[in-house]
Protein chains: 2
Amino acid sequence: MKPVVKNRIHFAVLATDVACFRIIDNQLCVLIGRAPSSSPFAGEWALIGGMVRPEETAEDSVSRLLSDKAGIKNIYTEQLHTFSGINRDPRGRVVSVAYLALTHIDPQDISKARLETKWYPMNSLPKLAYDHDEIMEHAIKHLRFKIHNTNVARYLLPHEFTLTELQNVYEIVIGKGMDKRNFRKKILVSGMLKSMKRTRKKGVMRPAALYVFK
Amino acid sequence: MKPVVKNRIHFAVLATDVACFRIIDNQLCVLIGRAPSSSPFAGEWALIGGMVRPEETAEDSVSRLLSDKAGIKNIYTEQLHTFSGINRDPRGRVVSVAYLALTHIDPQDISKARLETKWYPMNSLPKLAYDHDEIMEHAIKHLRFKIHNTNVARYLLPHEFTLTELQNVYEIVIGKGMDKRNFRKKILVSGMLKSMKRTRKKGVMRPAALYVFK
DNA sequence: TCAAAAGTGTTTTAAATACACCCATGA
DNA sequence: TCATGGGTGTATTTAAAACACTTTTGA
């Protein structure tokens, strides 16, 4: 990965790093893996990432890396920011396009993982390798911003869900409670949900109405 | 710029392209230049852009390109999006980090340009080379979004300005008129301005109060 | 009848919008 | 005194926030 200059043109390695979020046990968790032994941060925790291949766009590469390294397929991704600091990677010029990814617990999307990976709760995240702490900063800020103005919460939920489950997602992401009545009013008035006209029972409680995103 | 693969590692050329805006004669204009004769779109209009050098970050490269090619220094820039399409550039793998830049008419920031450049009004922009039309889409959308929620308008104005001049900037960027009383109320209540407690006369009209951004 | 979560309305406050006239200046 | 842009206030509408009790279910 030594610097490459041909005909006075400078070539860089293009990489992607992805902050992949998922809610587990009412906690916002991030997927991290051990940096491979060949890398300068061998064995340390880092975001899932890797080099972009000749036949891939950055977006493609994120999908492949999540699938290969963590067994996650069919995931929502969004580009965040590109980090082009000269000495980000001690091995040479590596420019990384950072992505946000969101998923939910759904067995069909998780197959075998090829890397030691772990879902770490945001609030007990260890120090990460490279400049990945900075990428995480961007990612969480971006996610918190977008959940207010868009329907990205859908990617953190299964297809069908109750309003309470939806509210939980919002609360977990922004990190504080919301008023139930105001929340339901705003969501329903916004028109982004469709009622399934069915309910779901859970234990001994009153059944809850099911919704899907339009 | 042919594809480079060394030790099974794929190297790409990193480039930047910048959508640089400026208001001239009450029109939002974009800086474009002729693509150099060595390029696949020789002679066509394109955004200002070029390769990132080994000792530069993407941000650095944008500043250098604007300075060298168009003589613009000390400019506000902001990263927009990275375009990594495989065949963006017929010569090989060129990944471009797109930037937004904003400036205003201020002689000290404009020196000699090295390239045939032109400020084109947004609404009569010619077809651009590469995927630069797409970059422009991103840029104008982003600018319109940000002017509502931030004080980026400051970069399109000189240090001191009147409220009417500020309102003109908003109107020109978003493309429609605003109510004068409501505009002034919102801006003054937001607290982003400081009154200079001076006025400026222009022609035969009542003098206008001068403000600066805090 | 109890526990546990589901569900439901009104009042208050703040922000955005709509709207029209007088003021200061130099010619 | 006129033309030109500078400057100002109130009423209405809309959106956000605060706030507490009743309903449904299975054990």
Side-chain angles (χ1 to χ4, degrees), chain A residues 23 25-27 144-151 153 157-213, chain B residues 23 25-27 144-151 153 157-213:
Chain A
I23 290 173
D25 293 338
N26 287 322
Q27 288 197 296
R144 287 192 174 132
F145 176 78
K146 282 212 83 171
I147 204 166
H148 284 117
N149 315 312
T150 69
N151 61 4
L157 282 168
H159 183 61
E160 291 187 351
F161 51 87
T162 67
L163 290 180
T164 300
E165 287 167 347
L166 179 62
Q167 184 173 347
N168 280 340
V169 168
Y170 275 75
E171 291 180 343
I172 290 164
V173 168
I174 67 183
K176 66 176 179 194
M178 307 173 80
D179 179 85
K180 181 159 57 157
R181 281 165 295 185
N182 292 337
F183 179 80
R184 290 159 109 95
K185 197 192 311 170
K186 207 174 77 170
I187 293 290
L188 291 175
V189 164
S190 81
M192 63 187 181
L193 300 190
K194 187 168 67 126
S195 167
M196 293 303 278
K197 316 220 171 190
R198 288 190 290 106
T199 57
R200 185 176 60 199
K201 272 185 284 197
K202 191 174 120 197
V204 71
M205 303 82 92
R206 173 176 177 174
L210 288 170
Y211 291 84
V212 294
F213 276 95
Chain B
I23 290 172
D25 294 338
N26 286 323
Q27 289 197 296
R144 287 191 174 135
F145 176 79
K146 282 211 83 170
I147 204 165
H148 284 117
N149 314 311
T150 69
N151 62 3
L157 283 167
H159 183 63
E160 290 187 353
F161 51 87
T162 68
L163 291 179
T164 300
E165 287 167 347
L166 180 62
Q167 183 172 350
N168 280 339
V169 168
Y170 276 75
E171 290 181 342
I172 291 163
V173 168
I174 67 182
K176 65 176 181 193
M178 306 173 80
D179 179 86
K180 181 159 57 158
R181 281 165 295 185
N182 294 336
F183 178 81
R184 291 160 108 94
K185 197 192 312 170
K186 207 173 76 171
I187 293 290
L188 292 176
V189 163
S190 80
M192 64 187 183
L193 300 189
K194 187 167 68 127
S195 167
M196 293 303 278
K197 316 217 172 195
R198 287 190 290 107
T199 58
R200 184 176 62 200
K201 272 184 286 196
K202 191 174 122 196
V204 71
M205 304 81 93
R206 174 177 175 173
L210 288 170
Y211 291 85
V212 293
F213 276 95

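Here is the naming used below: chain letters follow the sequence lines, and residue numbers restart at 1 for every chain.
- B/K186 contributes no side-chain N or O that forms a donor-acceptor pair with the base of C/dT17 under 3.5 Å.
- Of the residues in residues 169-177 of chain B, not one comes within less than 4.0 Å of DNA chain D through any heavy atom.
- Within the model, atoms CG of B/L210 and CG of B/L163 stand 9.5 Å from one another, a figure rounded to the nearest 0.5 Å.
- Computed from coordinates, the A/K180 NZ to D/dT22 P distance equals 14 Å when rounded to whole Å.
- Between A/F145 and B/F145, the ring planes are perpendicular. Angles over 60° get that label, and only those under 30° would be called parallel.
- Look at CZ on A/F183: it is 12 Å from P on C/dA6, rounded to the nearest Å.
- Ranking C/dG7, C/dG9, D/dG9 by closeness to the B/N182 side chain, first place goes to D/dG9.
- Atom OH of B/Y211 and atom P of D/dG6 are 12 Å apart (whole Å).
- Atom CZ of B/F161 and atom CG of B/N168 lie 12.5 Å apart (nearest 0.5 Å).
- The aromatic rings of A/Y170 and A/F183 stand perpendicular to each other, their planes meeting at an angle above 60°, with 30° marking the opposite boundary.
- Contact annotation: A/T164 does not reach the phosphate of C/dA5 (side-chain N/O to OP1 or OP2, under 4.0 Å).
- Summarising the geometry, the separation between CD on A/E165 and C1' on C/dG7 is reported as 15 Å, rounded to the nearest angstrom.
- A salt bridge links A/E165 with A/R200; the closest basic N to acidic carboxylate O contact falls under 4.0 Å.
- With rounding to the nearest 0.5 angstrom, the CG atom of A/L166 is 10.0 Å from the CD atom of A/E171.
- The number of heavy-atom neighbours closer than 6.0 Å to CG of B/N149, taken from other residues, nucleotides and ligands shown, is above 12.
- Within a heavy-atom distance below 4.0 Å of DNA chain C, the residues of residues 194-207 of chain A found are A/M205, A/R206, A/P207.
- In the helix from C/dT1-D/dA27 to C/dA27-D/dT1, the end axes, each obtained as the rotation axis mapping the C1' atoms of four pairs onto the next four within a five-pair block, lie 10° apart to the nearest 10 degrees.
- Atom CG in B/L210 sits about 14 Å away from atom C1' in D/dG7, given to the nearest Å.
- The CZ atom of A/R184 sits 20 Å away from the C1' atom of D/dA15 (whole-angstrom rounding).
- Judged by distance alone with a 3.5 Å cut-off, no donor-acceptor contact links the side chain of B/K185 to the base of D/dG9.
- Following rounding to the nearest Å, A/D179 (CG) and C/dT13 (P) show an atom-to-atom distance of 17 Å.
- The interatomic distance linking B/I187 (CD1) with C/dA15 (P) rounds to 15 Å, in whole Å.
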